[in-house]
2 protein chains.
Amino acid sequence: MPQETFFNLPDVKRNLIISAAMEEFSTANYNTASINQICKKSNIAKGSFYQYFTDKLDLYVYIMTLAIEEKIKFFSTVLAEFHTLTLLEQIRLLFIKGIEFAKSHPQYAALGEQFSKENDESAKLSVMKEGDRQSESLFMEMIHNAKSKGEIDNRVDPLALSMMLQSLNSAVNGYMLNKFGNIRYEYNKEDINNFVDSLLDIIFNGIQSREGDYHE
Amino acid sequence: MPQETFFNLPDVKRNLIISAAMEEFSTANYNTASINQICKKSNIAKGSFYQYFTDKLDLYVYIMTLAIEEKIKFFSTVLAEFHTLTLLEQIRLLFIKGIEFAKSHPQYAALGEQFSKENDESAKLSVMKEGDRQSESLFMEMIHNAKSKGEIDNRVDPLALSMMLQSLNSAVNGYMLNKFGNIRYEYNKEDINNFVDSLLDIIFNGIQSREGDYHE
DNA sequence: TGACATTATGACCACTCGGTCATATAATAT
DNA sequence: ATATTATATGACCGAGTGGTCATAATGTCA
């Protein structure tokens, strides 16, 4: 955690440092990101930086924690109404909300992307000790719930499905980010919904030839 | 491409350099990987290195190209008999072979992992200019083939399915690598087969409750 | 043996890195 | 005005980076 000095800073200055750091860590990985650059971008002296943060790792964990908190806040309203929904609706909501988050918080999304690619194990561990961990078990919980309600077939392997959903979730985000990175979200809302529904259709109905209409 | 001098080297020495470089590039990303370390590991002087390769990028592209060629060689026999198989068999074969490749060529697999996480865009571009590109269109081709044969439902979105397969393919590999990284492959052959089949079952039949047996 | 081309070497260059520290400045309290 | 505390600063450190180059060693002909 940053020193008290950092939080005593005027808001403008503190936010400047934060956004400079976010820019750096969303562009480069832990080892490549440069404290010097962050200092330059935020117009503070090197010595000042080390009065706010004990070291590079301290800053890294702080920034990543901010991103995680923002994401949790964004998803909290969704999760609250989860128990009223079917598995299809739940997954759909998670996918759509994930894309929405990336659209409305591109900086945070880029930080998450970087983090998932991070090479430095100790940096990764330090961040994970601080928060998160829930998304993995979230899917598992959803699956078990749905199974007990008879929403999904008994033959489905929960572990395989969970891995599948996790993988798809991040793939969809990455895909959308690359594809529509610079276009305004509103414009593609329909496309995105259609794409997500196509994915869900595969997951729920399979790809094998089937006769007639959806037998839902 | 390396200089002629490099290929004139005695096999032992040349291979030592190659394996030292592979070790480095499978552990660190492009910017973090160190020429100095590679020289130390392979017992050559810095000056010698720069008589073999024009610069770091030259070495990087060369090493990655070797890995790609090895992977293509490994898959070529499989691809040759593809036209005789159903989509299910094709996908199954790709998944299983992918895991086998990672097991029997862990170094190459690690290089691929690193490459997929690479931050340096110019390094990535240089490698892609040199080879590859096929896996993306391979899935699409398979899907269109299967559709024309009536193997999969008309309602399935080819793009969504292609992305799904790609994503799952790499996820399965990463998952297996993490899970069984240090255990011998033979030991888990059954587990792996079962897991892949669970995934394929979901893809082909969906997860929605269905009555009776597989209606294949 | 001597001439010539090929390969090997490591000190050296300019640069960047994360981190330190003595010192200067500003703010607050007495 | 003085003493005390909190903040700001940038030169400096040791280490590592990719890359260069004059020089030394080796191999190959005549």
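Quick note: numbers below take in every heavy atom, side chains included, and nothing from hydrogens, waters or symmetry partners. Every chain is numbered from 1, with letters handed out A, B, ... down the list of sequences. Computed from a predicted structure; not experimentally measured.
Within residues 1-20 of chain B, no residue places a heavy atom under 4.0 Å from DNA chain D. Using a 4.0 Å cut-off on heavy atoms, the residues of residues 55-63 of chain B that approach DNA chain D are B:Asp55, B:Lys56, listed by number. Near DNA chain D, meaning a heavy atom under 4.0 Å from it, residues 22-54 of chain B has B:Ala33, B:Ser34, B:Ile35, B:Asn36, B:Lys46, B:Gly47, B:Tyr50 in order of number.
For A:Asn43, there are no side-chain contact (heavy atoms from CB on, under 4.5 Å) partners two or more places apart in sequence or in a different chain. In this structure, the side-chain contact (heavy atoms from CB on, under 4.5 Å) partners of B:Asn15, at least two apart in sequence or on a different chain, are B:Asp11, B:Ile18. Scored by the side-chain contact (heavy atoms from CB on, under 4.5 Å) test, B:Gln51 finds no partners at all (sequence neighbours excluded). Take A:Ser42 and apply the side-chain hydrogen bond (donor to acceptor under 3.5 Å, both in side chains) test, not counting sequence neighbours, and it matches no residue. Partners of B:Tyr50 under the side-chain contact (heavy atoms from CB on, under 4.5 Å) rule, at least two apart in sequence or in another chain, are B:Ile35, B:Lys46.
Note: A:Tyr60 and A:Phe25 have perpendicular aromatic rings, judged against thresholds of 30 and 60 degrees for the angle between ring planes. Relative ring orientation between B:His105 and B:Phe74 is described as perpendicular, the plane-to-plane angle rising above 60° on a 0-90° scale split at 30° and 60°. Ring pair A:Tyr62/A:Phe7 is perpendicular by interplanar angle, where above 60° counts as perpendicular and below 30° as parallel.
Pairs of Watson-Crick or G-U wobble type, with distances under 3.5 Å, assemble into runs of 3 or more in DNA chain D at these ranges: C:2-29 with D:2-29.
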Result block: side-chain N/O donor-acceptor pairs under 3.5 angstrom for residues 65-73 of chain A, not counting sequence neighbours:
residue : atom : partner : partner atom : Å
A:Thr65 : OG1  : A:Val61 : O            : 2.5

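A donor atom on one side chain and an acceptor atom on the other are not found under 3.5 Å apart for B:Ser167 and B:Asn169. Side-chain contact of A:Gln114 with A:Ser26: a donor-acceptor pair under 3.5 Å is absent, judged by distance alone. Side-chain atoms of B:Asn173 and B:Ser170 form no donor-acceptor pair, as typed in the model, at a separation below 3.5 Å. A side-chain donor from one of B:Thr86 and B:Glu89 sits under 3.5 Å from a side-chain acceptor of the other.
Looking only at distances, a side-chain donor or acceptor of A:Tyr30 sits under 3.5 Å from a matching main-chain atom of A:Leu57. Side-chain atoms of A:Glu24 come within 3.5 Å of backbone atoms of A:Ser34 as a donor-acceptor pair (strictly under, hydrogens ignored). B:Arg92 places no side-chain N or O within donor-acceptor distance of the main-chain N or O of B:Val196, the cut-off being under 3.5 Å.
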Please write out the pairs of protein N or O atoms and N or O atoms of nucleotides 25-27 of chain C separated by less than 3.5 Å, giving the distance to one decimal.
none

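Along DNA chain D, the stretch of nucleotides lying under 4.0 Å from any heavy atom of chain A spans, 5' to 3', D:dT7 to D:dG10.
One finds a salt bridge joining B:Glu100 and B:Lys97 here, because a Lys/Arg side-chain nitrogen approaches an Asp/Glu carboxylate oxygen to under 4.0 Å.
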